[in-house]
Amino acid sequence: MSDFEPKILIFACNWCSYAGADMAGVSRYQMPPNCRIIRVMCSARVRPEQVISALTQGLDAVLVLGCHPGDCHYTEGNYLTRRRGIMLKNLLETMGFEKNRFQVNWVSAAEGARFAQVVSEFVEEIKALGPSHVSRDKDTGTHA
């Protein structure tokens, strides 16, 4: 599995995390190339069914990034995200996914280095887990 490169989807809130991603790029921090970022207005806009859909269609992991608790542009969006994240991790585990294939984290607009670190550590963690059971099944042509 040393050549395994996970396919990862990142949902980043417009006001903090997406701006943090931009700061990481402007600062030329090294970033893993196997992540795709979707900008959402608030981390709370990411619905559990979007995460489940991404994972059941063969992505290896999903990361939701939002404003730090207490700094949400929409006041309490990140608190909702945190509560949903706990519930969703448990649901995904009952569906056969390792809990760590979905994570929620906080990155502010001024934290380009933190964005790069969070994403890089997440990619390494998923590499260590290997492909998800869905992507393995897609590669072999079997059904889960």
- Residues clustering with Tyr74 (ILVMFWY side chains joined when closer than 4.5 Å, directly or via others):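 Same cluster as Tyr74: Trp15, Met41.
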If you take all heavy atoms of [X] and [Y], which pair is closest and at what distance?
| X | Y | result |
| --- | --- | --- |
| Phe122 | Val62 | CZ-O, 3.6 Å |
| Trp106 | Ser43 | CZ3-OG, 4.5 Å |
| Val134 | Gln57 | CG1-C, 4.3 Å |
| Asn100 | Glu125 | ND2-OE2, 2.8 Å |
| Lys127 | Pro6 | CG-CD, 3.6 Å |
| Gly20 | Phe115 | O-CB, 3.8 Å |

Taking [X] for its side chain and [Y] for its backbone only, find out whether a donor-acceptor pair lies under 3.5 Å.
| X | Y | result |
| --- | --- | --- |
| Thr56 | Ser53 | yes |
| Asn90 | Ile86 | yes |
| Arg84 | Arg47 | no |
| Thr94 | Leu91 | yes |
| Asn78 | Cys67 | yes |
| Asp60 | Pro131 | no |
| Ser108 | Cys16 | no |

- Message: Which residues pass the salt bridge (charged side-chain N to carboxylate O under 4.0 Å, His left out) test with Glu76, not counting sequence neighbours?
- Response: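 Scan of Glu76 (salt bridge (charged side-chain N to carboxylate O under 4.0 Å, His left out), adjacent residues dropped) gives none.
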- List in chain and number order the residues that pass ring-ring contact (aromatic ring centres under 6.0 Å, His included) with His68, two or more places apart in sequence or in another chain; answer none if no residue qualifies.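 Counting only residues at least two positions away or on another chain, His68 forms no ring-ring contact (aromatic ring centres under 6.0 Å, His included).
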- More than 12 heavy atoms of other groups within 6.0 Å of Glu49 CD: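 Atom CD in Glu49 is crowded, with more than 12 foreign heavy atoms closer than 6.0 Å.
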- Task: Count the heavy atoms of every other residue, nucleotide or ligand shown that sit under 6.0 Å from CZ of Phe102, and state whether that count exceeds 12.
- Result: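 Yes.
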- Message: Can you confirm whether Val104 sits close enough to Leu88 that some side-chain heavy atom of one is under 4.5 Å from a side-chain heavy atom of the other?
- Response: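 No, side chains not in contact.
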- Message: Do Leu55 and Ser132 have side chains that approach each other closer than 4.5 Å (heavy atoms only, starting at C-beta)?
- Response: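 SC-SC contact between Leu55 and Ser132 ruled out.
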Verify same cluster id: [X], [Y] (apolar side-chain graph, 4.5 Å):
| X | Y | result |
| --- | --- | --- |
| Val46 | Tyr79 | no |
| Val118 | Leu129 | yes |
| Leu9 | Leu92 | yes |
| Met23 | Ile37 | no |
| Val51 | Ile38 | yes |

Nearest-0.5 Å distance, [atom1] of residue [X] to [atom2] of residue [Y]:
| X | Y | atom1 | atom2 | result |
| --- | --- | --- | --- | --- |
| Leu59 | Arg101 | CG | CZ | 11.0 Å |
| Asn105 | Glu121 | CG | CD | 9.0 Å |
| Met95 | Ile52 | CE | CD1 | 5.0 Å |
| Glu111 | Ser17 | CD | OG | 8.5 Å |
| Arg45 | Cys13 | CZ | SG | 13.0 Å |
| Lys7 | Ile126 | NZ | CD1 | 13.5 Å |

